[in-house]
Amino acid sequence: MKLGGRIADPVRTVLGLDVTYDDSSSRIAAAAVVLKADDFTILEEYVVTGTVSFPYVPGLFAFRELPPLIEAMRKVSTIPDVVICDGHGVAHVRRFGLACHVGLVTGLPTIGVAKNNFVGVFSDPGPERGSRTPIRHDGEVVGYAVRTRAEVKPVFVSAGHLIEPTTAVMTVLDLSPRYRIPEPVRHADQLSRRALRS
């Protein structure tokens, strides 16, 4: 894993990743959705369904989610400028969350965006969109709590691979013009949920 690096400017294509679990069984659906970054037009979308092959262990979600996500990503023909994962990057007890795994396996710039904080402490960002505060763990800044919508709970952003933390934050804000969750991950979430219902 390597932090830092430059992503395309402007970002033209983004790949969103998310996984949905069936609460009543061991079924799982992993979705990969490629969007145009300027208007969020869907260019490609793929979903893989299967069964969970690794037990639930906090901090080891990548071992459950990475195999089906990589299988879904292999179907994608577009090489995206950046990948956004529903999960953490370096804001992880081992400094190596799902976004780091995805980046290392694919060689693509990756960002982790999570709905809940996993490690460290942070102060609540200001109420306006774009406000952010650092997440600190063991004296190190590992990510940011970012307000993507005014007066709405923040998301937790951390670099995964080949991207600067501040670039990760700005990219997430660019990809979240209307909702709390960035558009690529939101679309992947919807696709994976539909796959489990069908």
Working note: V52 + R27, criterion side chain to side chain contact (heavy atoms under 4.5 Å, CB included); need CA distance, chi angles, decisive distance, verdict. CA-CA 6 Å; V52 175; R27 292 182 65 227; over 6 Å; no
Show, in sequence, the C-alpha distance, side-chain angles and deciding distance for E71 and R74, and conclude whether the salt bridge (charged side-chain N to carboxylate O under 4.0 Å, His left out) test is met. CA-CA 5 Å; E71 187 178 345; R74 285 196 180 110; over 6 Å; no
For the pair E140 and R95, evaluate side chain to side chain contact (heavy atoms under 4.5 Å, CB included) and give the outcome as yes or no after the intermediate values. CA-CA 11 Å; E140 179 183 357; R95 301 294 188 270; 3.2 Å; yes
Take S25 and D22 through the side chain to side chain donor-acceptor pair (under 3.5 Å) test and state the conclusion after the steps. CA-CA 6 Å; S25 72; D22 183 350; 3.0 Å; yes
Tell me, with the steps shown, if F40 and R178 meet side chain to side chain contact (heavy atoms under 4.5 Å, CB included). CA-CA 12 Å; F40 307 123; R178 295 184 297 272; 4.2 Å; yes
Side chain to side chain contact (heavy atoms under 4.5 Å, CB included) between V142 and S158: does it pass, once the steps are laid out? CA-CA 7 Å; V142 295; S158 58; 5.9 Å; no
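Using a 4.5 Å heavy-atom cutoff, the side chains of L162 and I7 are not in contact. Using a 4.5 Å heavy-atom cutoff, the side chains of L173 and V146 are in contact. Looking at heavy atoms from C-beta onward, D124 lies in side-chain contact with R147 at the 4.5 angstrom threshold. Looking only at side-chain heavy atoms (C-beta outward), E183 and P177 come within less than 4.5 Å of each other. V172 places a side-chain heavy atom less than 4.5 Å from the side chain of I111. Taking the side chain as every heavy atom from C-beta outward, Y21 and E65 approach each other to under 4.5 Å. The shortest distance between side-chain heavy atoms of P80 and V83 falls below 4.5 Å. Looking only at side-chain heavy atoms (C-beta outward), I84 and L17 stay at 4.5 Å or farther from each other.
No side-chain donor-acceptor contact under 3.5 Å links E44 to the backbone of V33. Looking only at distances, no side-chain donor or acceptor of D189 sits under 3.5 Å from a matching main-chain atom of S192. Using a distance-only test at 3.5 Å, with no hydrogens or angles considered, no donor-acceptor pair links the side chain of R193 to the main chain of Q190. Between the side chain of R180 and the backbone N or O of K115, at least one donor-acceptor pair lies under 3.5 Å. Under the 3.5 Å distance criterion, the side-chain polar atoms of R132 are matched with a main-chain donor or acceptor of G130. Checking side-chain atoms of D81 against main-chain N and O of A8 turns up no donor-acceptor pair under 3.5 Å. Judged by distance alone, with hydrogens and angles left aside, the side-chain atoms of R136 form no donor-acceptor pair with the main-chain N or O of F122 at under 3.5 Å. The backbone N or O of F54 sits less than 3.5 Å from a side-chain atom of R64, completing a donor-acceptor pair.
How far OG of S53 is from CD1 of I28: 7.5 Å, rounded to the nearest 0.5 Å. Within the model, atoms NE2 of H187 and CG of L15 stand 13.0 Å from one another, a figure rounded to the nearest 0.5 Å.
Here the shortest heavy-atom pairing between C100 and G160 reads SG-O, 3.4 Å. Closest approach of V11 to A37, counting heavy atoms only: O-CB, 3.2 Å. Of all non-hydrogen atoms in V102 and T106, the two that sit nearest each other are O-OG1, 2.8 Å. Between V113 and P182, the closest heavy-atom pair is CG1-CD, 3.9 Å. Residues I181 and S176 approach most closely at C-OG, 4.0 Å, considering heavy atoms. Scanning both residues, Y46 and L191, for their nearest heavy atoms gives O-CD2, 3.6 Å.
Clustering ILVMFWY residues whenever any of their side-chain heavy atoms sit less than 4.5 angstrom apart, transitively, puts L66 in a cluster other than the one holding V93. Hydrophobic cluster membership differs between V185 and Y179, with clusters built from Ile, Leu, Val, Met, Phe, Trp and Tyr side chains linked at under 4.5 angstrom. Side-chain heavy atoms closer than 4.5 Å link hydrophobic residues (I, L, V, M, F, W, Y) into clusters, and following such links, possibly through other members, connects L43 to L108. Linking ILVMFWY side-chain heavy atoms closer than 4.5 Å, directly or via other members, places F118 and F96 in two distinct hydrophobic clusters.
Note: F63 and H101 have perpendicular aromatic rings, judged against thresholds of 30 and 60 degrees for the angle between ring planes.
Proximity of the aromatic rings of H88 and F156 is defined here by a centroid distance below 6.0 angstrom, and this criterion is not met.
Using a cut-off of 4.0 Å between Lys/Arg side-chain N and Asp/Glu carboxylate O, E151 and R129 are scored as not salt-bridged.
Environment of NZ in K153: crowded, with over 12 heavy atoms of neighbouring residues, nucleotides or ligands closer than 6.0 Å. Atom CG of L60 has more than 12 heavy atoms from other residues, nucleotides or ligands within 6.0 Å.
Each of L69, T110, D86 was evaluated against L98; a single residue qualifies, L69, per the side-chain contact (heavy atoms from CB on, under 4.5 Å) test.
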